[in-house]
Amino acid sequence: MPDVTKAEIGRRMYHVHREKRVEQAVKLMQQGLGPEWKSLKEGEILVLRHLLQCTWNKIDQKRWDGIPFSTMGMDTVRKMLSYGEGVRAGHNPSPEAVAEIRRILLSFG
C-alpha cells in the first residue's frame, strides 16, 4: 500500500461519511414520496445527490440529522433540483444555489 498521509485519510473518511449521510437522506426522501419518486429520472437523482453533498458541507451535523427528509414533498425536491443547472461530477453548484438549498432544508428542521 502506498504511503498515505493522515490528512489524505481524513479527507477520504470525510467524503465517505458525507456520501453515507446523503445516501440515507435520499432513501428517506424516496420512502416518503413513495410512487411519486418514480417520476424522477436517473440523472435528476444523481444531480439531487450532488446538490445534497455540496449542501451537507454547509450544515452542522446535528442540524442535518434533524432534517425530516421523509416528509419532503415532490415540490420541495423539484425546487432543490431547480438549482442544479449544469451540476454534475466536477461541476458544483454556485455558492448561492447551495445557500438556497440549505435554506430549504433548514426550513424543515
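The figures here come from the full heavy-atom set of this structure, side chains too, leaving out hydrogens, waters and symmetry mates.
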Taken to the nearest 0.5 Å, the spacing of Leu28 CG from Glu23 CD works out to 10.5 Å
Those residues at least two apart in sequence (or on a different chain) that pass side-chain hydrogen bond (donor to acceptor under 3.5 Å, both in side chains) with Glu96 are Ser94
In this structure, would Val98 and Val26 fall into the same cluster of hydrophobic residues linked by side-chain contacts under 4.5 Å? no
Interatomic distance, NZ@Lys41 vs CG@Leu81, rounded to 0.5 Å, equals 11.0 Å
Closest heavy-atom pair, Cys54 versus Asn92, reported as atoms and distance to 0.1 Å, is SG-OD1, 3.6 Å
Between Ser39 and Met74, the two heavy atoms sitting closest are OG-CE, 3.5 Å
> According to a 4.5 Å side-chain heavy-atom criterion applied to Ile, Leu, Val, Met, Phe, Trp and Tyr, with indirect links allowed, do Phe69 and Leu106 form part of one hydrophobic cluster?
Replying inline: yes
Side chains of Lys79 and Met72: closer than 4.5 Å at any heavy-atom pair? no
For Arg21, the salt bridge (charged side-chain N to carboxylate O under 4.0 Å, His left out) test, sequence neighbours excluded, returns Asp65
Output for pair (Trp56 CH2, Glu19 CD), nearest 0.5 Å, gives 10.5 Å
Are Val47 and Val22 connected in a single hydrophobic cluster, I mean Ile/Leu/Val/Met/Phe/Trp/Tyr linked by side-chain heavy atoms less than 4.5 Å apart? yes
Heavy-atom closest pair (His50 atom, His91 atom, distance to 0.1 Å) is NE2-O, 3.8 Å
ask   = Is the CD atom of Glu42 crowded by more than 12 outside heavy atoms at less than 6.0 Å?
value = no
Applying salt bridge (charged side-chain N to carboxylate O under 4.0 Å, His left out) to Arg78 and not counting sequence neighbours gives Glu44
So, His15 and Arg18: side-chain donor and acceptor under 3.5 Å apart, yes or no? yes
Shortest non-hydrogen pair, Tyr14 vs Asn57, comes out as OH-OD1, 2.6 Å
Decide if atom CD of Glu85 counts as having more than 12 heavy atoms of other residues, nucleotides or ligands within a radius under 6.0 Å. no
Looking only at heavy atoms, the pair that brings Tyr83 and Pro93 closest together is O-CB, 4.3 Å
Rounded to the nearest 0.5 angstrom, the CD-CG distance for Gln53 and Leu48 is 10.5 Å
Minimal heavy-atom distance between Phe108 and Pro68, with the atoms involved, is O-CD, 3.3 Å
The reported gap from CE in Met80 to CG in Asp75 (rounded to nearest 0.5 angstrom) is 9.5 Å
Distance col, row Ile45:CD1 vs Met29:CE, nearest 0.5 angstrom, shows 10.5 Å
Is Glu100 salt-bridged to Arg103, going by a charged N under 4.0 Å from an acidic O? yes
Hydrophobic clusters here meaning ILVMFWY residues chained together by side-chain heavy-atom distances under 4.5 Å, can you tell me if Leu46 and Leu33 are in one? no
